[in-house]
Asks: 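Structure below; questions to follow.
Remember, it's a predicted structure, so these values are computed and weren't measured experimentally. Every heavy atom of this structure was used, including side-chain atoms; hydrogens, water molecules and symmetry mates were not.
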Amino acid sequence: MCGRFVSTRSPQELASVFDATRWDPDRGLDPSWNVAPTDEVWSVLERVERGTGEITRQLRPLRWGLVPSWAKSLNTGAKMINARVETVAEKPAFRRAFVKRRCLLPADGFYEWQTVAASKSVTATKSTKARKQPYFISPEDGQVMALAGLYEFWRDPVAEDDGSPGTWWVTCTIITTEATDAAGRVHPRMPLAVAPADWGAWLDPAHQDTGELRALLAAPAAGHLDARAVSTAVNDVRNNGPHLLAGPDDGTGDA
């Protein structure tokens with residue numbers, strides 16, 4: 001799965017990289033070195049403008065954790081942060097979005113965890129507990145990752161007025177696959193990405209051939225990924241900041 005990632009680029013930079021023509025400069029997100037489920041995340045998507053019928057590429061924040069339109073509660077999203085590519089076109093929660101509502105989720109890199117078994121020194125004077133060691137996985141060249149995502153609109157069933165704050169939510173999920181290369185040495189699953197040459201085809205709401213859409217998905221950075229152990233402080237979602245990418249500690253940090 002992909003349950004935590006890093007997103008520190010400014011909206012101005014992202015709008016330039018992804019050729020977004022519409023975004024609200026007054027609505028921003030703080031840089032995050034520990035993006036967690038239910039957080040707002042940057043997304044790139046294309047929508048048909050009402051009235052003109054024009055398709056615009058937008059940069060906008062979405063809530064991470066997809067909530068299907070038929071869900072009874074917003075809390076459903078906490079369980080749907082990932083969609084498996086093997087079943088995304090068939091699962092009721094994702095199949096409509098896969099055909100009509102696809103997006104890109106920009107990321108600097110993502111985290112995965114590897115279990116480190118408990119150990120005891122030869123002298124038996126010191127031992128360590130089993131722990132989860134986080135790894136930061138990112139492109140070797142430092143370029144932004146365009147993770148493949150889906151988004152969905154959800155209306156709170158108890159809300160009376162469509163125009164009231166909190167009535168409508170736009171949520172998203174990240175598509176994952178079996179891990180390979182550097183990521184595969186850490187965890188059996190990894191997020192999928194879309195190459196720059198295919199961004200237009202992936203985002204186009206008129207493109208609805210599921211076979212062709214699957215063919216656009218690939219390993220992030222074409223598999224040229226670096227995986228390095230980082231501080232276990234990232235294990236706690238309350239921790240944030242560039243210090244999370246520091247080298248591994250001695251195993252006594254937050255686990």
Side-chain angles (χ1 to χ4, degrees), residues 1-9 13-14 17-18 29-44 61-66 77-85 88 102-115 132-151 171-196 199 202 217-248 254:
M1 64 180 294
C2 176
R4 218 81 64 77
F5 65 93
V6 176
S7 178
T8 64
R9 287 172 166 83
E13 181 180 356
L14 293 176
V17 169
F18 290 95
L29 299 177
D30 291 333
S32 178
W33 287 262
N34 204 357
V35 179
T38 74
D39 285 350
E40 283 198 316
V41 299
W42 284 120
S43 72
V44 179
L62 303 182
R63 188 178 192 266
W64 187 18
L66 188 139
K79 302 176 183 178
M80 297 191 181
I81 61 171
N82 292 159
R84 297 173 67 95
V85 69
V88 68
R102 298 174 301 277
C103 61
L104 298 171
L105 302 173
D108 301 353
F110 60 96
Y111 296 108
E112 292 295 358
W113 280 258
Q114 191 174 69
T115 300
K132 294 284 190 178
Q133 173 60 55
Y135 283 76
F136 179 60
I137 302 171
S138 60
E140 293 175 349
D141 60 6
Q143 295 298 307
V144 66
M145 304 169 77
L147 302 184
L150 310 175
Y151 69 97
T171 61
C172 63
T173 190
I174 295 173
I175 300 176
T176 66
T177 189
E178 291 186 4
T180 58
D181 301 323
R185 294 193 292 271
V186 178
H187 192 273
R189 303 290 297 181
M190 67 182 294
L192 280 165
V194 180
W199 289 350
W202 175 255
L217 302 174
H224 297 288
L225 298 170
D226 173 70
R228 60 185 178 88
V230 294
S231 171
T232 55
V234 75
N235 296 357
D236 188 332
V237 296
R238 295 170 296 183
N239 296 329
N240 210 320
H243 66 281
L244 298 182
L245 299 184
D254 296 329

Asks: Quick one: are the ring centres of Phe5 and Trp64 less than 6.0 Å apart?
Replies: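 Yes - the distance between ring centres of Phe5 and Trp64 falls below the 6.0 Å cut-off.
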Asks: Could you note down all residue pairs passing salt bridge (charged side-chain N to carboxylate O under 4.0 Å, His left out) where residues 103-112 supplies at least one of them, sequence neighbours left out?
Replies: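 Residue pairs passing salt bridge (charged side-chain N to carboxylate O under 4.0 Å, His left out), neighbours aside: Arg9-Asp108.
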Asks: Return yes if some donor-acceptor pair links the side-chain N/O of Asn34 with the main-chain N/O of Asp236 below 3.5 Å, else return no.
Replies: yes
Asks: Do Arg4 and Val237 come close enough that some side-chain heavy atom pair is under 4.5 Å?
Replies: yes
Asks: With Phe110, which residues qualify under ring-ring contact (aromatic ring centres under 6.0 Å, His included), at least two apart?
Replies: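 Result, ring-ring contact (aromatic ring centres under 6.0 Å, His included) vs Phe110: none returned.
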Asks: Applying side chain to side chain contact (heavy atoms under 4.5 Å, CB included), run through Asn239 and Leu244 and close with a yes or a no.
Replies: CA-CA 8 Å; Asn239 296 329; Leu244 298 182; 4.0 Å; yes
Asks: Within the 4.5 Å heavy-atom criterion, are Tyr111 and Val186 side-chain neighbours or not?
Replies: no
Asks: What's the separation between atom CD1 in Ile175 and atom CG in Leu192, rounded to the nearest 0.5 Å?
Replies: 7.0 Å
Asks: What I'd like to find out is whether the side chain of Thr173 reaches to under 4.5 Å of the side chain of Val88, using heavy atoms alone.
Replies: no
Asks: Do Phe18 and Pro106 come within less than 4.5 Å of each other through their side chains, counting heavy atoms only?
Replies: yes
Asks: Any side-chain heavy atom of Ser231 within less than 4.5 Å of one from His243?
Replies: no
Asks: I need the Glu178 CD to Arg189 CZ distance, nearest 0.5 Å.
Replies: 6.5 Å
Asks: Could you grab the distance from atom OG1 of Thr232 to atom CD of Gln133, nearest 0.5 Å is fine?
Replies: 6.5 Å
Asks: With a 4.5 Å cut-off on side-chain heavy atoms, are Ser43 and Leu105 touching?
Replies: yes
Asks: When rounded to the nearest 0.5 angstrom, what is the spacing between CG in Leu29 and CH2 in Trp42?
Replies: 4.5 Å
Asks: Nearest 0.5 Å please: distance from the CG atom of Leu14 over to the CG atom of Leu104.
Replies: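 Spacing of CG (Leu14) from CG (Leu104) equals 11.0 Å.
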Asks: Quick one: which residue pairs count as a salt bridge (charged side-chain N to carboxylate O under 4.0 Å, His left out) with a foot in residues 137-148, not counting sequence neighbours?
Replies: none
Asks: Ignoring hydrogens and angles, tell me if any N or O in the side chain of Trp199 forms a donor-acceptor pair with the backbone of Val194 under 3.5 Å.
Replies: yes
Asks: Report the residues that fulfil ring-ring contact (aromatic ring centres under 6.0 Å, His included) with Trp113, sequence neighbours left out, ordered by chain and then residue number.
Replies: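 With sequence neighbours excluded, Trp113 shows a ring-ring contact (aromatic ring centres under 6.0 Å, His included) to no residue whatsoever.
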Asks: Rounded to the nearest 0.5 Å, how far apart are CG of Leu217 and CG of Leu147?
Replies: 11.0 Å
Asks: Using the test side-chain contact (heavy atoms from CB on, under 4.5 Å), find all partners of Ser138 that sit at least two apart in sequence or belong to another chain.
Replies: Phe136
Asks: Do the side chains of Glu13 and Val144 get nearer than 4.5 Å, heavy atoms only?
Replies: no
Asks: Using residues 77-84 as the side-chain source, report each donor-acceptor pair under 3.5 Å to any protein atom, sequence neighbours left out, with the distance given to one decimal.
Replies:
residue	atom	partner	partner atom	Å
Asn82	OD1	Cys2	N	2.6
Asn82	ND2	Cys2	O	3.0

